[in-house]
Each structure stands twice: as structure tokens, then as C-alpha cells.
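Report on the structure given below.
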Protein chains: 2
Amino acid sequence: MRWNEIDRQTCSVARALSEIGDRWTLLILRDAFMRTRRFDEFAERSGAARNVVADRLEKLVEADILERRRYQTKPDRHEYRLTDKGLDLYPVIMTLIAWGDRWHDDGGGPPMRHKHGACGKRMHAVATCSACGDELDPRETTATPRDANHDYWKVT
Amino acid sequence: MRWNEIDRQTCSVARALSEIGDRWTLLILRDAFMRTRRFDEFAERSGAARNVVADRLEKLVEADILERRRYQTKPDRHEYRLTDKGLDLYPVIMTLIAWGDRWHDDGGGPPMRHKHGACGKRMHAVATCSACGDELDPRETTATPRDANHDYWKVT
DNA sequence: CACAATAAGTTTCATTTCGCAACTCATTAG
DNA sequence: CTAATGAGTTGCGAAATGAAACTTATTGTG
């Protein structure tokens, strides 16, 4: 299966990954959450080749995750901003950061410190149950397919 | 920058993505959380080519995210299971699922239903502040680098 | 005026990686 | 004796990536 057919899987992860599941795309989104907005900044900060940055930004705009907005004329120049759909990826990025901080500490602690404005404290993301608010544990949850089990992985 | 040098960035997301930030890798991890354990199942369910599956499984084992364990002899056969480090990716997968379910609904609701054993209810993942427990909002948090700002993206 | 700089890409081309099918190897089942 | 199973490996054409150079419009500088 080629990657551009991956969104034919029923699974939401597959469909999510068809939009953001690329190495450089996720790095570009990290930068977007760090207030990066311009092409050259994305290119330098992500470390991806310029043609790859151009391609990924275009795809993110098509997917309505970033918005390309003109910020000056003569000459026209554009910047990229997260849409609501893009901002909604915050939990994914923050849980990724929490995992990276936990398992890839270089000895000096997390390279970025995150402060929660509401409570004013340093924090990391914790994934919780939307029903009861407890922290999620993979051993404590069960997943059952909407339809018959064999449908889940089927490509439609 | 080549992808295999990406872990030289200071950022934890970059280092996390150097291990799991590949399209097929994330799909393979999704399957691992759905109790997939064997090579052929990973190949079929992910849809990736067999050589790619072999390569990714090997890398995940090297990264100590999956463990390759013999489950029979004559002939030796092995299965792949999530380690503690791998299980700790659950929040990432679950927030990805929540995002996919929200923004890629095909009209029939989420293809998988997740039930929280502790409270017994259907749920999705919510990312919360480890300090106060409130739901995270990208507009309500600030990130500041451990060192000077320009260090964050620097490749060491 | 001539020249350099800036921003946002595009082009070119050599190197890698992917996708697919076919093949291997050890062992058990019929 | 032959087929099936499980877990890969091999070979090869097609596609994607990485690096550097190039483009275009416009402004700033000597």
C-alpha cells in the first residue's frame, strides 16, 4: 500500500497520519506551536530541505491545519498559522513532548519548560479519561470496533 | 539535514520523532496497542511492505519500544510486545485517535470505541495539566527554553 | 545608480528509500 | 511427498529526499 492510500483504512489513526504522519510534518507542527510562522524559519528550525518544507506546508494548508495568510503586499508575502483544526493537535504534540522528556532526557532536564497560564505552574501533559478524569492506562482500557472486528483494518 | 541526524536537535519532539516519527512506525505502534504481536499481522494490518515492516520492527526493538520475544522453538518464532517505554506512548496514540475521530469522522462515528475499565464508560483522551488537572489549551500555556532561546533549535 | 539583502519559493540532480513480488528456510500437517 | 505456516530476505524499477544553486520582487545602502 502506498502512503497516499493510507487514508482508505477505516482507522482514525490511519486517517490522522495520512495528514500529519510524516517526519517533517510533525516537526513543522512543533515549530508552528512555538510561534513559527514564516517559510525561512520553518526551513531553518525543522532542518528539512526547502523543497520538502514547501511541499509539507502546502499539504498542511490543503488539510486545513495551517492557513496561508498574506501579511504584506509589494511584494506579496505570506505566513502560516494554525487553524482550529491545527490548534486541536496540541494534545498530540504535548504528549509527544512529555514522552520525549521522559525517555530522552539528555541529563539536563526538558529543553523547554511549559507553564500553564491558568494555574501558573510548570507542567507536562497527562492524558486522562474524558468521562472520569483519571489518568489513562493502556492496561485499563478496552477498544472495540464499531462494526465487526475484521472491518477495522480493512481498506475500503 | 538527513533524518537520521534529527536526534541531534535539542528538542524532545525531535528526539522522540527520531524513534517513532515515521509513517509506518506510528501505524505499527497503533497495531501494537491493538494487541497485534506477529510479523505477518503487522504487515497485513499496517499495509506496509514486508521489508519496511521488518526494518521498522527492528528499529523499534533497538529503541526499546518493542521487545522481540521467542514464543516457540523448532522452529524459533518471535513476537513483538510493547515495553514500558512503548506502553508509555499510549497518550500519544490516544490523543491522535481523539483528533482523528474529531476531524476525520466519516459520518458513522469513531471506528473504535474505547472504554475505560476503571469507570466503565466510553471515553476519549483529554490532555490535561499535570499540576492542576485542567484541560490544556494552547493559548493558555507558555513555553520557555531551558537555556537561551536560540539554543532550542540548534543542532549540537 | 549599482549592488547587496530579504522572503518565499523552484529547479536540478545524485542519493535513498519504498513498494511489490518472488524467494528462502525450518518445521509440521495431510 | 506435497502443501502450508511464520518470519523474514532479495532484487529491482519507481518515487521521495537532500543539498545547493537559481528566481523574482522589492527595499536598503554607499
Side-chain angles (χ1 to χ4, degrees), chain A residues 1-9 14 17-28 31-32 35-62 66-81 153 155, chain B residues 1-9 14 17-28 31-32 35-62 66-81 153 155:
Chain A
M1 192 187 302
R2 267 160 308 203
W3 184 256
N4 57 318
E5 298 168 22
I6 203 65
D7 59 348
R8 302 209 323 249
Q9 292 194 206
L17 291 178
S18 73
E19 289 187 338
I20 59 158
D22 174 81
R23 313 162 113 107
W24 299 118
T25 301
L26 280 163
L27 227 42
I28 285 169
D31 292 333
R35 315 224 185 286
T36 301
R37 302 207 201 298
R38 300 199 180 168
F39 185 91
D40 280 16
E41 290 173 331
F42 280 116
E44 193 181 0
R45 292 177 178 178
S46 73
R50 298 173 73 78
N51 51 348
V52 174
V53 174
D55 179 74
R56 298 305 188 278
L57 286 174
E58 193 182 343
K59 282 180 177 148
L60 285 169
V61 169
E62 270 173 38
L66 292 180
E67 180 196 1
R68 186 163 178 273
R69 170 189 304 192
R70 190 174 60 208
Y71 68 87
Q72 73 166 44
T73 47
K74 298 200 304 180
D76 281 10
R77 296 214 188 291
H78 301 84
E79 60 180 12
Y80 297 87
R81 284 163 171 274
W153 281 280
V155 173
Chain B
M1 192 187 299
R2 275 179 308 262
W3 183 258
N4 59 319
E5 298 169 21
I6 203 66
D7 60 348
R8 301 210 324 248
Q9 290 193 209
L17 292 177
S18 72
E19 290 187 338
I20 59 158
D22 175 82
R23 315 161 112 106
W24 299 118
T25 300
L26 281 164
L27 226 44
I28 284 169
D31 292 334
R35 315 225 185 285
T36 301
R37 302 206 200 297
R38 300 198 180 169
F39 186 90
D40 279 17
E41 290 173 330
F42 280 116
E44 193 181 1
R45 292 177 178 179
S46 72
R50 297 174 73 77
N51 51 349
V52 174
V53 174
D55 178 75
R56 297 304 188 276
L57 287 174
E58 193 181 342
K59 281 180 178 149
L60 285 168
V61 169
E62 270 172 39
L66 293 179
E67 181 195 358
R68 187 165 178 271
R69 171 188 303 193
R70 190 174 59 209
Y71 68 88
Q72 73 165 45
T73 47
K74 298 199 303 177
D76 281 10
R77 295 216 189 289
H78 301 84
E79 60 181 12
Y80 297 87
R81 284 165 170 273
W153 283 278
V155 173

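These figures come from a predicted structure and were not determined experimentally.
Inter-axis angle, ends of the helix from C:dC1-D:dG30 to C:dG30-D:dC1, five pairs per end, rounded to 10 degrees: 10°.
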(Q) One pair to check against side chain to side chain donor-acceptor pair (under 3.5 Å): B:His78 and B:Arg70. What are the steps and the verdict? (A) CA-CA 4 Å; B:His78 301 84; B:Arg70 190 174 59 209; 5.5 Å; no
Q. Checking salt bridge (Lys or Arg N to Asp or Glu O under 4.0 Å) for the pair A:Asp40/A:Arg50: CA distance, chi angles, key distance, verdict?
A. CA-CA 8 Å; A:Asp40 280 16; A:Arg50 298 173 73 78; 3.1 Å; yes
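Every residue two or more places apart in sequence or in another chain was checked for a side chain to side chain contact (heavy atoms under 4.5 Å, CB included) with A:Arg35, and none qualifies. Applying the side chain to side chain donor-acceptor pair (under 3.5 Å) rule to A:Glu79 yields the partners A:Arg81; only residues at least two apart in sequence or on another chain are considered. Listed by chain and number, the residues in a salt bridge (charged side-chain N to carboxylate O under 4.0 Å, His left out) with B:Glu67 are B:Arg69 (sequence neighbours excluded). Taking the side chain to side chain contact (heavy atoms under 4.5 Å, CB included) definition, one finds that B:Ala48 meets it with B:Trp24, B:Ser46, B:Val52, B:Val53, sequence neighbours left out. By the salt bridge (charged side-chain N to carboxylate O under 4.0 Å, His left out) test, A:Glu41 is found to be paired with no residue, residues two or more places apart in sequence or in another chain being considered. With sequence neighbours left out, the side chain to side chain contact (heavy atoms under 4.5 Å, CB included) criterion links B:Leu26 to A:Leu17, A:Leu26, B:Ile20. Residues forming a salt bridge (charged side-chain N to carboxylate O under 4.0 Å, His left out) with A:Arg45 (at least two apart in sequence, or on another chain): none. For A:Glu58, there are no side chain to side chain donor-acceptor pair (under 3.5 Å) partners at least two apart in sequence or on another chain.
Nearer to the 5' terminus of DNA chain C, by closest-nucleotide assignment, is the contact made by A:Leu57 (compared with the other of A:Met1 and A:Leu57). DNA chain C is contacted by both A:Arg23 and A:Arg37; A:Arg37 maps to the nucleotide lying nearer its 5′ end (nearest heavy atom per residue).
Of the residues B:Val61, B:Asn51, B:Leu66, B:Ile28, the one that meets the side chain to side chain contact (heavy atoms under 4.5 Å, CB included) test with B:Arg56 is B:Ile28.
Ionic pairing of B:Lys59 and B:Glu62 is not present here: no N-O contact between side-chain nitrogen and carboxylate oxygen is shorter than 4.0 angstrom.
The footprint of chain B on DNA chain C, defined by a heavy-atom cutoff below 4.0 Å, extends from C:dC18 to C:dT28. Mapping heavy-atom proximity under 4.0 Å, the span of DNA chain D touched by chain B runs 5' to 3' from D:dT5 to D:dA19.
DNA chain D is contacted by B:Arg68, B:Tyr71, B:Arg77, B:His78 of residues 68-79 of chain B, taking any non-hydrogen atom closer than 4.0 Å.
Nucleic acid contact for A:Asp55: none, since no nucleic acid atom lies under 4.0 Å from a heavy atom of the residue. Residue-level contact check: B:Tyr80 touches the backbone only, with heavy atoms under 4.0 Å from sugar-phosphate atoms and none from bases. When heavy atoms are screened at a 4.0 angstrom cut-off, A:Arg2 is found touching the sugar-phosphate backbone but no base atom.
Nearest heavy atoms, A:Leu57 versus A:Phe39: CD1-CD1, 3.8 Å.
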